[in-house]
Asks: 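Just dropping this structure here.
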Protein chains: 2
Amino acid sequence: MSVRRLNHVVALAEEGSFARAAERVHLSQPALSRSIQAIEDELGLRLFDRAARGVAVTQAGKTIVERARRVLFEANCLVRDAELLKTHEIGEVQSASVLIRPRSCCPICWWVSRGCIRTSG
Amino acid sequence: MSVRRLNHVVALAEEGSFARAAERVHLSQPALSRSIQAIEDELGLRLFDRAARGVAVTQAGKTIVERARRVLFEANCLVRDAELLKTHEIGEVQSASVLIRPRSCCPICWWVSRGCIRTSG
DNA sequence: CCGGGTTACGCGGAGCGTAAGAATT
DNA sequence: AATTCTTACGCTCCGCGTAACCCGG
């Protein structure tokens with residue numbers, strides 16, 4: 001199970017559409033579709049109901065999405081601590097860091113949000 | 001960042017040797033060595049000090065290992081909930097599940113511990 | 001030498017984008 | 001016909017094991 005794929009699940013649950021979720025995680029729509037299928041197969045659970053108009057999270061999906069958010073939160077904390085350890089060049093972090101807002105979905109988005117990369121669109 | 005790789009980091013920290021950690025996570029020793037290098041590069045941090053006699057966790061490594069444990073815990077909770085949802089065929093889990101012991105490192109180990117697979121060695 | 005970590009190399013599989021298909025409105 | 005998800009296909013690259021290499025006791 002990859003952290004990346006859990007991010008796909010959360011994005012799809014929040015956007016309610018493969019197309020929008022794919023754009024959010026910087027993936028083509030078919031690639032996201034396969035990614036969701038893969039994790040559904042891996043868990044042996046149907047997480048989403050595909051309807052003609054929009055995608056709905058199943059009951060089981062709601063539980064998994066909530067779990068996925070917690071995994072992503074911890075993973076973001078890890079990356080954040082790594083950044084702190086790197087920039088401050090200290091050996092230990094005294095207090096736990098708490099993220100008020102979720103991190104950017106990837107390093108590129110992070111640079112964009114910092115204005116270090118200009119987007120053409 | 002993959003959950004699998006975080007497991008490698010924790011295993012190496014606990015075993016104190018690439019050879020033993022590799023055996024624990026069912027990987028050849030060179031493969032584990034590359035896996036650790038990869039995450040060290042990814043985070044931009046040196047997590048382990050390679051000495052002639054044993055491997056020591058660096059100060060930064062201690063923080064990251066602790067974070068990795070939390071990510072793995074949440075990931076295990078997710079898998080566990082998925083199993084509960086699957087076997088009981090219910091739509092929701094009422095209370096959060098708490099793991100007293102860590103899960104097996106992989107499904108194969110799980111089957112072995114259940115006696116469903118006999119090991120030759 | 002020897003035990004233990006790293007580098008070299010070839011291979012299989014996972015995951016991507018593009019393009020074509022299917023289904024619902 | 002339009003919109004939206006899925007399947008097909010070819011490609012790239014990541015990650016593995018084997019084997020060769022390196023380096024302190």
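Chain A is the first sequence line, chain B the second, and so forth, proteins listed ahead of strands; every chain is numbered from 1.
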Asks: Rounded to the nearest angstrom, tell me the gap between atom CZ in B:F18 and atom C1' in D:dC23.
Replies: 15 Å
Asks: I'd like to check B:L78 versus B:D81 (side-chain heavy atoms, cut-off strictly below 4.5 Å). Are they in contact?
Replies: no
Asks: Just how far, in rounded Å, is C1' of D:dT6 from CD of A:E40?
Replies: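 Checked: the CD to C1' distance equals 13 Å.
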Asks: Tell me: CZ of A:R5 to P of D:dC14, nearest whole Å?
Replies: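 Interatomic distance, CZ of A:R5 to P of D:dC14: 16 Å.
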Asks: How long is the line joining CG of A:L12 and P of D:dT4, in whole Å?
Replies: 14 Å
Asks: Rounded to whole angstrom units, what separation is found between the CG atom of A:D49 and the C1' atom of D:dC5?
Replies: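 It is 14 Å, rounded to the nearest whole Å.
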Asks: Starting at atom CZ of B:R50, determine the distance to atom C1' of C:dG4, rounded to an integer number of angstrom.
Replies: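 Rounded to the whole Å, the gap is 12 Å.
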Asks: Side chains of B:I36 and B:R50: closer than 4.5 Å at any heavy-atom pair?
Replies: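 Side chain of B:I36 against side chain of B:R50, heavy atoms only: contact under 4.5 Å found.
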Asks: Can you tell whether the side chains of B:R69 and B:E66 come within less than 4.0 Å, N to carboxylate O?
Replies: yes
Asks: Provide, to the nearest angstrom, the distance between the NE2 atom belonging to A:H8 and the P atom belonging to D:dC5.
Replies: 16 Å
Asks: Under a 3.5 Å distance rule, please check whether B:R53 uses its side chain to pair with a backbone N or O of B:A51 as donor and acceptor.
Replies: no
Asks: May I have the distance from B:R53 (atom CZ) to C:dG4 (atom C1'), rounded to whole angstrom?
Replies: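 Result: 9 Å.
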Asks: Using a cut-off of strictly less than 4.0 Å between a heavy atom of the residue and any atom of DNA chain C, enumerate the qualifying residues of residues 20-37 of chain B by number.
Replies: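 Hits under 4.0 Å, by residue number: B:Q29, B:P30, B:S33, B:R34, B:Q37.
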Asks: So with a 6.0 Å cut-off around CD of A:Q29, is the heavy-atom count from everything else above 12?
Replies: yes
Asks: By nearest heavy atom, map A:S2 and A:A52 onto DNA chain C; which one lands nearer the 5' end?
Replies: A:S2
Asks: Please check if the side chain of B:E40 supplies one atom and the backbone of B:F48 the other of a donor-acceptor pair under 3.5 Å.
Replies: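 Yes.
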